[in-house]
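Take a look at the structure set out below.
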Amino acid sequence: MPENGWPADRIDTENAHSARIYDYILGGRDYYRADREAGEAMAREWPALPIHMRANRDFMHRAVRYLAEEAGVRQFLDIGTGIPTSPNLHEIAQEVAPESRVVYVDNDPIVLTLSQGLLSSTSQGRTAYIEADMRDPATILRAPEFRETLDLDRPVALTVIAIVHFVLDEDDAVGIVRRLMEPLPVGSYLAMSIGTADFAPDEVGRVAREYAARNMPMRLRTRAEAEEFFTGMELSEPGITQVHHWRPDGSQDGTIRDEDIAMYGAVARKTG
Ligand SMILES: C[S@@+](CC[C@H](N)C(=O)[O-])C[C@H]1O[C@@H](n2cnc3c(N)ncnc32)[C@H](O)[C@@H]1O
C-alpha cells in the first residue's frame with residue numbers, strides 16, 4: 001500500500017519512481033515509502049530541491065497560460081505528464097479557452113491508474129491519455145487518442161516539461177522532440193524545461209547520483225545543449241532562461257536564487 005493507503009496493482013512499489021518522487025517533494029499523496037526515502041535522501045544532498053521542483057511546475061503553468069492566452073493555442077500534446085496535480089495542464093488551458101484539447105502521455109503505470117484526474121475535461125474541450133514511452137515517438141503519433149483528439153491542420157503545442165533529463169544520449173532526446181514536432185503544422189509551439197547542473201554543479205550532481213543509484217540515470221544539459229532542442233524555431237521572449245526567470249508573473253516570492261534552480265525553460269514557435 002502507498003503511504004496514503006491507496007491500492008497498488010501493477011505498480012512497482014519497491015523501487016522509487018520519478019513521478020512519485022516528484023509528487024512527494026511537491027506535497028502530493030501518491031507515493032510509496034521507497035519514493036519518500038529517495039526524496040528525503042535527495043533533499044539532504046540539495047535542500048533547494050523542493051524550490052527547484054515547485055519552480056518547474058510553476059513554469060509549466062505560466063508557459064501553458066502564455067500559449068493559451070497570448071499565442072492562441074487550443075491543442076496540447078503533453079509528454080511526461082506526471083501524477084495529476086491541480087491545476088493540471090488542461091485546467092489552465094481550459095480556463096482560458098474551454099474548447100482546448102489536451103493529449104497526455106506518460107509511461108509510469110501510476111500515472112495511468114490516476115489518469116482519471118487528467119480526463120476531467122470541460123464539455124466543450126477534450127482530454128485523452130496515452131500510456132507510452134517517449135523514446136518510442138512512433139507509438140505516440142500512431143495512437144488513436146492522438147489522431148482523434150488533435151486536428152493537425154491547426155497549431156498544437158508540444159510540452160515536454162521536466163522529462164528529457166531522463167533521456168540518455170543513446171536515445172537522442174533532440175531527435176525524439178523533432179520527430180514529435182514533425183506532424184505538427186507551422187505555427188505550432190514547443191515548450192520545454194531541461195535539467196541542468198550549470199548553476200549548482202556539486203549539489204545537482206549529487207542528486208543525479210541518487211537518481212542513478214535507483215536505476216534512473218540522468219542526462220543533465222548545458223545551456224548550449226538546451227539550445228539544440230529549439231534549432232530552427234523562433235523563441236518567444238525572453239528566450240532560454242532558468243525557469244524562474246521565464247516570464248515571472250509576480251506570484252513567486254522573489255527570493256528564489258539562481259543556484260536553487262536546475263532547469264532551463266523556453267517556448268518556441270515552429271516557423272517552417
Ligand atoms: C518530473 S515528472 C514531470 C511531470 C510534469 N511534466 C511536470 O513538469 O510537472 C517526469 C515525468 O516523466 C515521466 N517519464 C519519465 N521518462 C519517461 C519516458 N521515457 N516516457 C514517458 N514518460 C516518462 C515520469 O513517469 C514522470 O511522470
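Start at 1 and go down the list; that is how both ligands and their atoms are numbered. Numbers here simply count residues along the sequence, with the first being 1.
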Proximal atoms of ligand 1 relative to Met134 (non-hydrogen, under 4.0 Å): 18 (C), 19 (N), 20 (N), 21 (C)
Identity and separation of the nearest protein heavy atom to atom 19 (N) of ligand 1: Asp133 OD1, 2.9 Å
For atom 7 (C) of ligand 1, the protein heavy atom that lies nearest, with its residue and separation: Tyr22 OH, 3.3 Å
Identity and separation of the nearest protein heavy atom to atom 25 (O) of ligand 1: Asp106 OD1, 2.6 Å
Contact with ligand 1 for Ala132, non-hydrogen, under 4.0 angstrom: yes
Residue, atom name and distance, where the atom is the protein heavy atom closest to atom 6 (N) of ligand 1: Gly80 O, 2.7 Å
Enclosure of Asn215 CG (heavy-atom neighbours >12, cutoff 6.0 Å): no
N-O pairing of Arg36 and Glu40 below 4.0 Å: yes
Sub-4.0 Å atoms of ligand 1 with respect to non-hydrogen atoms of Arg135: 19 (N)
Lys/Arg-Asp/Glu bridge criterion (N-O < 4.0 Å) met for Glu210, Arg214: yes
Any Arg57 heavy atom less than 4.0 Å from ligand 1: yes
Contact check: Asn56 vs ligand 1, nitrogen or oxygen atoms, below 3.5 angstrom: yes
No-hydrogen, no-angle side-chain donor-acceptor test under 3.5 Å, Asp106 and Thr81: no
Residue Ala162 vicinity, atoms of ligand 1 by number, heavy atom under 4.0 Å: 1 (C), 2 (S), 3 (C), 8 (O), 10 (C)
Heavy atom of the protein closest to atom 5 (C) of ligand 1 (residue, atom name, distance): Thr81 O, 3.1 Å
Member of Arg101, His90, Gln94, Arg126 meeting the side-chain hydrogen bond (donor to acceptor under 3.5 Å, both in side chains) criterion with Ser121: Gln94
Proximal atoms of ligand 1 relative to Asp108 (non-hydrogen, under 4.0 Å): 25 (O)
Member of Val204, Ile21, Ile25 meeting the side chain to side chain contact (heavy atoms under 4.5 Å, CB included) criterion with Leu49: Ile25
Electrostatic pair Arg54:Asp58 at N-O distance under 4.0 angstrom: yes
Subset of ligand 1 atoms that lie under 4.0 Å from at least one heavy atom of Asn107: 14 (N), 17 (C), 18 (C), 19 (N), 20 (N), 21 (C), 22 (N), 23 (C), 25 (O)
is_close_aromatic(Tyr264, Phe199), centroid dist under 6.0 Å: yes
SB check Glu228 Arg221 (cutoff 4.0 Å): no
Numbering as shown, the atoms of ligand 1 that approach Ser18 to under 4.0 Å (heavy-atom distance): 24 (C), 26 (C)
Side chain, backbone, both or neither: Ile163 near ligand 1, heavy atoms under 4.0 Å: side chain
Pair Arg179 + Glu182: basic N to acidic O under 4.0 Å: yes
Where ligand 1 meets Ile161 - atom numbers and elements under 4.0 angstrom, heavy-atom basis: 3 (C), 5 (C), 6 (N), 8 (O)
